[in-house]
Amino acid sequence: MSTLSPGTRPPADRPVVPPGPRASARPWPRIEAPSEPPSEPRAGRFRRAAARLTPADRSVLWLYLLTRISLWITAHFARWLFPARPGTREAAPVLAPFQRWDANHYLHIARDGYFPAGAGPWTSGWDNREAFFPGYPLLLRAVHTVVPDWTAAGLLISFVAGAVAVLALARIARAYLPEGAAGSRTAALFLLSPCAVFLAVGYTEALFLAFALPAWLAALRHRWALAAVLTALATTVRVSGLFLAAAIALLFVLTAREKRDRRSWRAAGWTLLPALPPAAYSWYLHVYTGDWMAWKHAQERGWYRTFHTPWEAWANTWKEAFGPTQTTGYALMFQAELVAMLVGLALVAVLLYHRRWPEALYVALSLWALGTSYWYTSIPRATLLWWPLWIGLAALSLRRPWFRAAYLSVAAPVTTLVALTFLTGRWAG
């Protein structure tokens, strides 16, 4: 079994040949930067950028655009078929389905700042907005100077960032898997995943992946400085960027040990760069609140993210999922949390079996952070950030053709239902 064993990508004019035993046994892929077609002498920036896209890249971007159109159609009809109030005779505004929950938090931060008019954790009814890292709100405020509508600005960020992310994911998949259709297959399973709606709304998943996935691709190519800069940008968006930084640091150490060359260790300092943005944000919060861990304490107050042992968190979530305490909508959400946790644990086991130590570390740290709260929260959304999951499923579908049909048969209705519950304001119960 070689679900995630790396392979090298052959030139475009040669047939795809699976790697031999020695190549597949090599622990880390040696990936050379792909050759780029020469740009025309006087072409514009956009034309030169388009020239760098291979036919496989364009196929992935076309699939991405089609899934965005599908989601926009769903949002349009949802505001007519599922109004917020029964008996209403007017549909909600066009962009209303996209401005929900966390998107409102980011809007308030971008518009008013973290502590408007002296308000803060000491204020009654505080919304705990300091729990959210500043990268996305800062970018939202910048885009808002060009796009006057806040919701439209957030959707534009997610649209562009999602395209970058899915393109990088497809390239990573082609680096790991020898099959020619690996990139498009991985992108398809990813874009049709149950929580894919969060890639298209004013949330941070798309922007985080737009930094994290190119960072991982740069690390695979041993471009450590670029990987560090991109990872540092990812840490401005989500604390998950620190998990990525740990995985890239481990990959660096293993690569340097394999080379057995002292010069390989000269880039070690770059692995510390991603810690600077979270440190700067903690300092900023300390200035206003006197608390270095204000963002963590805000999560504890607002989202029950106080530390509990993994078995306590599982038991509490199980009780809410199958006990009599919750309505059916909330109970279903807790059941989804349990399923996502099991998927994550299985993924870590597979990665460890195949000796994919950095990827296993990344997913394991994510599971530890999400699985040690009072109860599970947002684990289904976190599956979007586990790129080894989508590459592994793509590998399985390429070697077992029946799996793609089985996956789509399950994912299609679940993806549609999750999108509708979010777009109609019924998410989380």
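Side-chain atoms are counted along with the backbone in the values below, which use heavy atoms only and exclude waters and symmetry mates. Positions are given from 1, in the same order as the sequence printed here.
Once rounded to the nearest 0.5 Å, the distance linking CG of Leu251 with CH2 of Trp224 reads 4.0 Å. Note: Thr255 OG1 to His222 NE2 = 4.0 Å, rounded to the nearest 0.5 Å.
Looking only at distances, no side-chain donor or acceptor of Ser70 sits under 3.5 Å from a matching main-chain atom of Leu66. Side chain of Thr383 to backbone of Pro380: a donor-acceptor contact under 3.5 angstrom is found. A donor-acceptor pair under 3.5 Å is absent between the side-chain atoms of Thr235 and the main chain of Leu242, judged by distance alone. The backbone N or O of Pro97 sits nowhere less than 3.5 Å from a side-chain atom of Arg79 that would complete a donor-acceptor pair. Panel note: side chain Ser409, backbone Ala405; a donor-acceptor pair is recorded below 3.5 Å. Judged purely by atom type and a 3.5 angstrom limit, Thr236 has no side-chain atom pairing as donor or acceptor with the backbone of Pro277.
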Inset, instruction - Walk me through it: do Tyr176 and Trp387 pass the test ring pair (Phe, Tyr, Trp, His ring centres under 6.0 Å)? - result: CA-CA 12 Å; Tyr176 277 74; Trp387 73 87; 8.5 Å; no

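In this pair, Tyr284 and Tyr281 present their aromatic rings parallel. The plane angle is below 30°, not in the 30 to 60° band. Taking the six-membered ring where tryptophan is involved, the planes of Trp390 and Tyr407 are perpendicular, since the angle between them exceeds 60° and thus also 30°.
In this view, Phe322 and Trp318 satisfy the ring pair (Phe, Tyr, Trp, His ring centres under 6.0 Å) rule, not counting sequence neighbours. In terms of the salt bridge (Lys or Arg N to Asp or Glu O under 4.0 Å) criterion, residue partners of Arg263 (sequence neighbours excluded) are, by chain and number, Asp261. Legend: residues meeting side-chain contact (heavy atoms from CB on, under 4.5 Å) with Pro121, ordered by chain and number and at least two apart, are Phe115, Trp126, Glu130, Thr289, Arg301.
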If you look only at distance, which donor and acceptor atoms sit under 3.5 Å apart when one is on a side chain in residues 303-313 and the other is two or more places apart or in another chain?
{"residue": "Arg305", "atom": "NH2", "partner": "Thr377", "partner atom": "O", "Å": "3.4"}
{"residue": "His308", "atom": "ND1", "partner": "Thr306", "partner atom": "O", "Å": "3.1"}
{"residue": "Thr309", "atom": "OG1", "partner": "Trp311", "partner atom": "NE1", "Å": "3.0"}
{"residue": "Thr309", "atom": "OG1", "partner": "Glu312", "partner atom": "N", "Å": "3.4"}
{"residue": "Thr309", "atom": "OG1", "partner": "Glu312", "partner atom": "OE1", "Å": "3.1"}
{"residue": "Glu312", "atom": "OE1", "partner": "Thr309", "partner atom": "N", "Å": "3.1"}

Contacts under 3.5 angstrom, residues 181-191 side chains, donor-acceptor by atom type, not counting sequence neighbours:
{"residue": "Ser184", "atom": "OG", "partner": "Ala181", "partner atom": "O", "Å": "3.2"}
{"residue": "Arg185", "atom": "NH1", "partner": "Ser397", "partner atom": "OG", "Å": "3.0"}
{"residue": "Thr186", "atom": "OG1", "partner": "Ala182", "partner atom": "O", "Å": "2.8"}

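Within a 6.0 Å radius of CH2 in Trp270, other residues, nucleotides and ligands contribute 12 heavy atoms or fewer. In Arg68, the CZ atom is crowded: over 12 heavy atoms of neighbouring residues, nucleotides or ligands sit closer than 6.0 Å. Atom CH2 of Trp265 sits in a crowded spot, with more than 12 heavy atoms from other residues, nucleotides or ligands closer than 6.0 Å.
Using modelled atom types, one finds a donor on one side chain and an acceptor on the other under 3.5 Å when comparing Asn104 with Gln99.
Among residues at least two apart or in separate chains, there is no salt bridge (charged side-chain N to carboxylate O under 4.0 Å, His left out) pair with a member in residues 333-343.
Taking the six-membered ring wherever Trp is involved, the centroid distance between the rings of Phe133 and Phe208 does not fall below 6.0 Å. For Trp101 and Tyr203, the ring centers are positioned 6.0 Å apart or more.
Between Arg171 and Asp57, at least one side-chain nitrogen of the basic residue sits less than 4.0 Å from a carboxylate oxygen of the acidic one, meeting the salt-bridge criterion.
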